[in-house]
Amino acid sequence: MRRSTVWTRGWGTAALICAAAVVLLPVVRFTATTPRVDMLVALAAALVCGLGWVAATFRAPAPEPGSLDPGVDEQLPPIPSVLPRPFPVPLGPAVALALAVTAVASASLVGLRPDGAQGAALDAIQRAQPRVSTGTVVQAGEGEPTGVGKGRRGAYYFADLRVELADGTVLAVDRGIVGSSPEEGMDVRVLHAPGRPGLGGWVDDGVDISSYLSPWYVPLEGGTLMPFAVLLFAACWASAGLVNSERVSAYGPRRLLTEDAAAGEVNAGYVDRLTAVHEAHTTVGGRAGSTKVVDRVWLSADVDEVRGLELRVDGADVLALATEFGETTGWLLWARRWNMVNGTDPVPMVFVAPDGRSFTCSVLRSHMRRLTDAAPVTWEATTPGAAARPWEGVCRTSPGVRLTVVGLYAVVGASLLPALTGNAGHLTGYLPLALASAASVLTAVLVAPAWRRTLPLPGWERRRTRDARVPA
């Protein structure tokens with residue numbers, strides 16, 4: 001477990017931006033010619049930033065117990081009037097997960113680009129000031145289904161064609177894509193270079209053929225972008241799984257606390273000690289005569305005369321918070337209007353250490369009754385102009401896991417090189433798709449346990465309880 005630092009967040013953010021460029025460039029520049037210098041630069045930058053992120057994580061320090069300021073006992077620290085209100089979604093992990101999933105669709109778009117001699121001919125036409133014209137097929141080879149359907153309208157076919165333009169020019173088309181079974185006499189739209197019939201032409205009914213006149217094009221026609229849209233939706237849905245539901249529900253009610261602090265008065269209790277509690281509760285199992293152990297972790301706070309108040313935070317942060325703030329004391333703040341939080345939702349709170357660092361948490365209504373019964377009126381004045389700064393947090397994944405993830409996507413990037421340099425064959429077009437799919441699955445396998453783990457290291461206050469139905 002290592003601290004999150006400015007360097008880990010900076011390199012990580014830069015790596016995500018470069019990775020987003022790699023994922024999105026095949027979408028917004030679907031018709032760009034090779035070599036794809038833009039994607040090659042983005043891949044190199046993503047690799048450099050990813051390695052920088054790993055190196056910064058290696059150099060990040062481990063959390064250390066905070067020291068109590070001797071002067072705190074004589075004079076209580078001021079209560080800040082400006083409190084943080086963090087966004088409920090952990091943006092870094094959510095964006096990373098979305099990119100990992102949509103990278104599969106981007107790899108498929110790269111594979112859809114014509115390859116080999118076909119791709120070289122298309123690149124040559126695009127560089128020669130091309131034009132789109134309507135021509136008539138005068139010779140059609142045997143059609144080969146592409147495997148991409150048009151729904152009720154049939155399917156797309158590969159076919160070698162000879163197309164005659166209105167001026168009598170005949171163009172050879174190598175494996176053009178037509179929207180019906182190829183036959184002589186059918187009209188097609190063909191991309192060609194005027195005055196250079198030796199370059200041949202290109203036919204693609206799967207997209208708007210005029211899109212090849214510009215490198216900036218999003219393939220909305222023909223269903224090409226549909227896999228990307230589906231995977232993007234799935235990625236956003238999966239990213240929502242990273243969100244702490246309590247943190248989302250507390251986003252609105254937390255506004256009451258920030259407004260009350262800015263107005264000059266909040267409820268406050270002084271915290272003497274924070275402890276990480278790991279409870280193992282033995283209860284009845286699913287089968288008759290069986291038992292199971294349910295583990296639960298939380299942050300326990302001693303607030304004024306109330307002992308063992310449960311502060312609800314993310315389980316992966318419990319030990320780090322207890323390590324850094326356990327012996328420093330501090331203020332636990334909640335809104336004067338906390339009763340206006342709807343229903344039985346937990347009450348949002350903020351812990352503020354004497355040095356101004358803070359973290360958000362929440363307390364169940366049952367524990368709130370213990371606070372209010374012990375001290376019905378706990379209003380304290382805030383200090384105008386004083387601001388609390390959010391706790392920087394910890395790195396949820398180890399340097400080894402991060403290096404493995406960077407290595408996985410470096411392999412995916414290496415598999416893209418033939419397609420991006422114009423040297424792709426039929427196999428190399430599908431290899432990035434397979435590797436990107438495998439990398440996304442392996443990333444989930446590596447990262448998900450690290451994100452949810454509670455780090456059972458020395459420092460926990462361990463408790464064992466037993467259900468009354470379970471014999472001793």
Side-chain angles (χ1 to χ4, degrees), residues 19 21-40 42-43 46-47 98-123 126 142-150 155-160 173-179 202-207 211-212 217-232 234-235 405 407-445:
V22 174
V23 171
L24 294 177
L25 280 172
V27 181
V28 298
R29 286 174 57 86
F30 178 67
T31 55
T33 60
T34 57
R36 292 294 303 271
V37 178
D38 53 348
M39 289 194 64
L40 293 172
L43 280 170
L47 178 59
L99 289 177
V101 176
T102 50
V104 179
S106 291
S108 69
L109 290 180
V110 173
L112 286 175
R113 176 78 183 183
D115 51 43
Q118 186 184 24
L122 178 56
D123 287 341
Q126 286 185 272
E142 184 178 355
E144 175 190 344
T146 63
V148 179
K150 299 171 59 179
Y156 292 100
Y157 295 84
F158 291 120
D160 294 332
V173 179
D174 178 24
R175 285 177 62 84
I177 301 174
V178 292
W202 173 246
V203 173
D204 188 352
D205 289 345
V207 297
S211 65
Y212 287 98
Y217 171 72
V218 178
L220 298 174
E221 293 85 2
T224 306
L225 199 59
M226 186 56 66
F228 189 91
V230 172
L231 283 177
L232 180 60
V405 171
L408 285 173
Y409 283 96
V411 172
V412 176
S415 70
L416 287 170
L417 293 180
L420 299 180
T421 56
N423 299 310
H426 193 61
L427 175 62
T428 54
Y430 291 99
L431 183 59
L433 176 60
L435 290 178
S437 302
S440 63
V441 173
L442 290 174
T443 299
V445 170

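Side chains included, hydrogens not; waters and symmetry mates left out as well; all remaining heavy atoms used.
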Looking only at heavy atoms, which two atoms of [X] and [Y] are closest? And how far apart?
| X | Y | answer |
| --- | --- | --- |
| V173 | V203 | CG1-N, 3.9 Å |
| A410 | L47 | CB-CD1, 4.1 Å |
| D205 | V178 | OD2-CA, 3.3 Å |
| A159 | G143 | CB-CA, 4.4 Å |
| V110 | A419 | CG1-CB, 3.6 Å |

Notebook entry, point to check: Which side chain to side chain donor-acceptor pair (under 3.5 Å) pairs, counting each pair once, include a residue from residues 412-424, with sequence neighbours left out?
Noted result: T421-N423
Taking only residues two or more places apart in sequence, or in another chain, which ones meet [X] in a side-chain contact (heavy atoms from CB on, under 4.5 Å)?
| X | answer |
| --- | --- |
| A436 | V104, A107, V412 |
| S211 | T31, V207, Y217 |
| V28 | L25, W216, V218 |
| A121 | none |

Only counting residues at least two apart or in another chain, list the ones meeting side chain to side chain donor-acceptor pair (under 3.5 Å) with [X].
| X | result |
| --- | --- |
| D38 | R29, R36 |
| S437 | none |
| Q126 | R113 |
| T34 | D123 |

Margin query: Quick one: does any side-chain atom of S106 pair with a main-chain N or O of A103 as donor and acceptor, under 3.5 Å?
Written below: no
Next item on the list: Please answer whether the main-chain N or O of R175 pairs with a side-chain N or O of D160 as donor and acceptor at a distance below 3.5 Å.
Entry: yes
Rounded to the nearest 0.5 Å, how far apart are [atom1] of [X] and [atom2] of [Y]?
| X | Y | atom1 | atom2 | result |
| --- | --- | --- | --- | --- |
| S440 | Y409 | OG | OH | 5.0 Å |
| L433 | L109 | CG | CG | 10.0 Å |
| L122 | D204 | CG | CG | 8.5 Å |

Checklist line | Contact check, side chains of F158 and I177, non-hydrogen atoms, under 4.5 Å | finding: yes
Notebook entry, point to check: Can you check whether L416 reaches L40 side chain to side chain, under 4.5 Å on heavy atoms?
Noted result: no
